[in-house]
Q: 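Quick one: the structure is below, questions incoming.
The model shown is predicted, which means the values in this text are computed figures rather than measured ones.
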Amino acid sequence: MKWKMKHWITGLALSAVAAAPALAQGKFPDNMIKLVVPFAAGGGVDNAARLLAKQLQTDLGVTVVVDNRAGGSGTIGGKAVQTAHPDGYTLLFSAATHVLASHVLAAPPYDPVTDFTPVARTGEAPLLIVIPPSAPQKNLREVIDAAKGGNNWNAAIPALGAPSHLATLLLAKQGKVNFTMTPYRGTAPAATDVAGGHVQLLVDSIISLQPMAKGGRVKPIAQTGAKRSSVAPDVPTAAESGYPGLVYVSWYGVWAPKGTPDDRVQFLNKAINKATEELTKAGSLSALGVEPVTESVDAFRKYIASDVAQSAGLLKEAGFKPE
């Protein structure tokens, strides 16, 4: 009897130990999820993040909040996520600029590729190429020909190292033309100078420039997506204009801290993909000029590698020096 009792107690103890990890892990997620946006509220990245947060909250049944941590060219928010506990509850929602920190900043506080875990890419948006309304050119080929004609063409650059800058470099490479790059502090002053004819060219977010284009303050001549955007369906792509190599988009994605368990990363990837599909059905993303993306974690990782290689190459060819 004592022998049976001893083994029954031992078996019970072993069962409890075996069950402990499952009990400790619990259901994920069972607490608030924080989406850190490394930019101020109200911008394109923030608006996209808030749409995703709201849909995830509905789908997962837990609170999902957006935490704006602006500054440091996006690295203040990035650092907050990099140093967070890698449990899947603190995530970074950022744009393509995140992965280029090592190539754009002289002393980035982290490696944007190796110090984070890619979770999901949620969308991409083409850029719009605009010129002054008074300019005689009617399409992209005429612009390239004019720039080659000996006239000094200035291209406004709203932010160094941003998609607007890289798309302008790609335009110059594809058109085999040299533009004088004129840096600005943001889209608004750059677009204002193009509208006034002080600068001849601007490539930037289609959602930012389309209101001015519709109002006739700038002249849209092409967009950089693989297909025409629903935001500007009358504007041809660069490929349609004779430059098939000029495809460049800004994109949004979600990252977790390095070391986040793979099962949670995979769960979040599927949840974000589902939320993106729901937002697409509702037309919420198209209102922001965003084309939805749903892909696996591995596909996102490969996309980052390809994007960094192309962008770093463009910056190097242009002789760009990190600041």
Q: Working to the nearest 0.5 Å, report the span between CZ of Phe39 and CG of Asp46.
A: 10.5 Å
Q: Do the ring centers of Trp255 and Phe93 come within less than 6.0 Å of each other?
A: no
Q: Using a 3.5 Å distance criterion without hydrogens, assess whether the side chain of Arg264 forms a donor-acceptor pair with backbone atoms of Gly88.
A: no
Q: Are the aromatic rings of Phe320 and His165 close, with centres under 6.0 Å apart?
A: yes
Q: Output, in order, the C-alpha distance, side-chain angles, deciding distance and verdict of side-chain hydrogen bond (donor to acceptor under 3.5 Å, both in side chains) for Tyr184 and Asp204.
A: CA-CA 12 Å; Tyr184 283 82; Asp204 204 4; over 6 Å; no
Q: Can Gln55 and Thr58 be counted as having a side-chain donor-acceptor contact under 3.5 angstrom?
A: no
Q: Could you please spell out the steps behind the side-chain contact (heavy atoms from CB on, under 4.5 Å) verdict for Leu52 and Thr122?
A: CA-CA 9 Å; Leu52 178 63; Thr122 63; 4.2 Å; yes
Q: How are the rings of His98 and Phe116 set to each other: parallel, tilted or perpendicular (split at 30° and 60°)?
A: perpendicular
Q: Ignoring hydrogens and angles, tell me if any N or O in the side chain of Gln223 forms a donor-acceptor pair with the backbone of Ser229 under 3.5 Å.
A: yes
Q: For Lys302, is there an ion pair with Asp298 - N to carboxylate O distance below 4.0 angstrom?
A: yes
Q: Can you get from Leu170 to Leu100 by hopping between Ile, Leu, Val, Met, Phe, Trp and Tyr side chains that sit under 4.5 Å apart?
A: yes
Q: Shared ILVMFWY cluster between Val36 and Leu51, side chains joined below 4.5 angstrom?
A: no
Q: Could you walk me through whether Asp59 and Lys274 pass the salt bridge (Lys or Arg N to Asp or Glu O under 4.0 Å) test, one step at a time?
A: CA-CA 9 Å; Asp59 293 347; Lys274 179 178 180 293; 3.6 Å; yes
Q: Within 45° of the ring axis of Tyr243 and under 6.0 Å from its six-membered ring centre, is that where the NZ or CZ of Arg141 lies?
A: yes
Q: Which atom pair, heavy atoms only, marks the closest approach of Ala70 to Ile76?
A: O-CD1, 3.7 Å
Q: Assess the residue pair Gln82 and Lys79 against the criterion (side-chain hydrogen bond (donor to acceptor under 3.5 Å, both in side chains)); give the C-alpha distance rounded to whole Å, side-chain angles, the decisive distance to 0.1 Å, and a yes or no.
A: CA-CA 5 Å; Gln82 186 224 343; Lys79 191 67 179 177; 2.9 Å; yes
Q: Are Leu127 and Trp251 linked, directly or through intermediate hydrophobic residues, by side-chain heavy-atom contacts shorter than 4.5 Å (ILVMFWY only)?
A: yes
Q: Measuring from atom NZ of Lys214 to atom CE of Met212, what distance do you get when rounded to the nearest 0.5 angstrom?
A: 14.5 Å
Q: Can a donor-acceptor pair be found, under 3.5 Å and without considering hydrogens, that links the side chain of Ser296 to the backbone of Ala299?
A: yes
Q: Okay, side chain of Lys148, backbone of Gly175: is any donor-acceptor separation there less than 3.5 Å?
A: yes
Q: Would you say the side-chain atoms of Tyr89 pair up with the backbone N or O of Asp30, donor to acceptor, closer than 3.5 Å?
A: yes
Q: Give a yes or no on whether the backbone of Pro257 and the side-chain of Thr260 come within a donor-acceptor separation of less than 3.5 Å.
A: yes
Q: Are Arg121 and Tyr303 in a cation-pi contact, defined as NZ or CZ under 6.0 Å from the six-membered ring centre and within 45° of the axis?
A: yes
Q: Can you check whether Gly289's main-chain N or O pairs, donor with acceptor, with Ser286's side chain at less than 3.5 Å?
A: no
Q: Check the hydrophobic clustering (I, L, V, M, F, W, Y; side-chain heavy atoms under 4.5 Å; chains of links allowed) and say if Val177 and Leu166 are grouped together.
A: yes
Q: How many angstroms lie between CD in Glu295 and CD1 in Ile272, if you round to the nearest 0.5 Å?
A: 11.5 Å
Q: Ignoring hydrogens and angles, tell me if any N or O in the side chain of Asn269 forms a donor-acceptor pair with the backbone of Val265 under 3.5 Å.
A: no
Q: Is the closest basic N to carboxylate O distance between Asp67 and Arg69 below 4.0 Å?
A: yes
Q: Using modelled atom types only, decide if a donor and an acceptor are shared between the side chain of Ser284 and the backbone of Thr280 within a distance under 3.5 Å.
A: no
Q: Does Gln200 use its side chain to pair, donor to acceptor, with the backbone of Asn154 at less than 3.5 Å?
A: yes
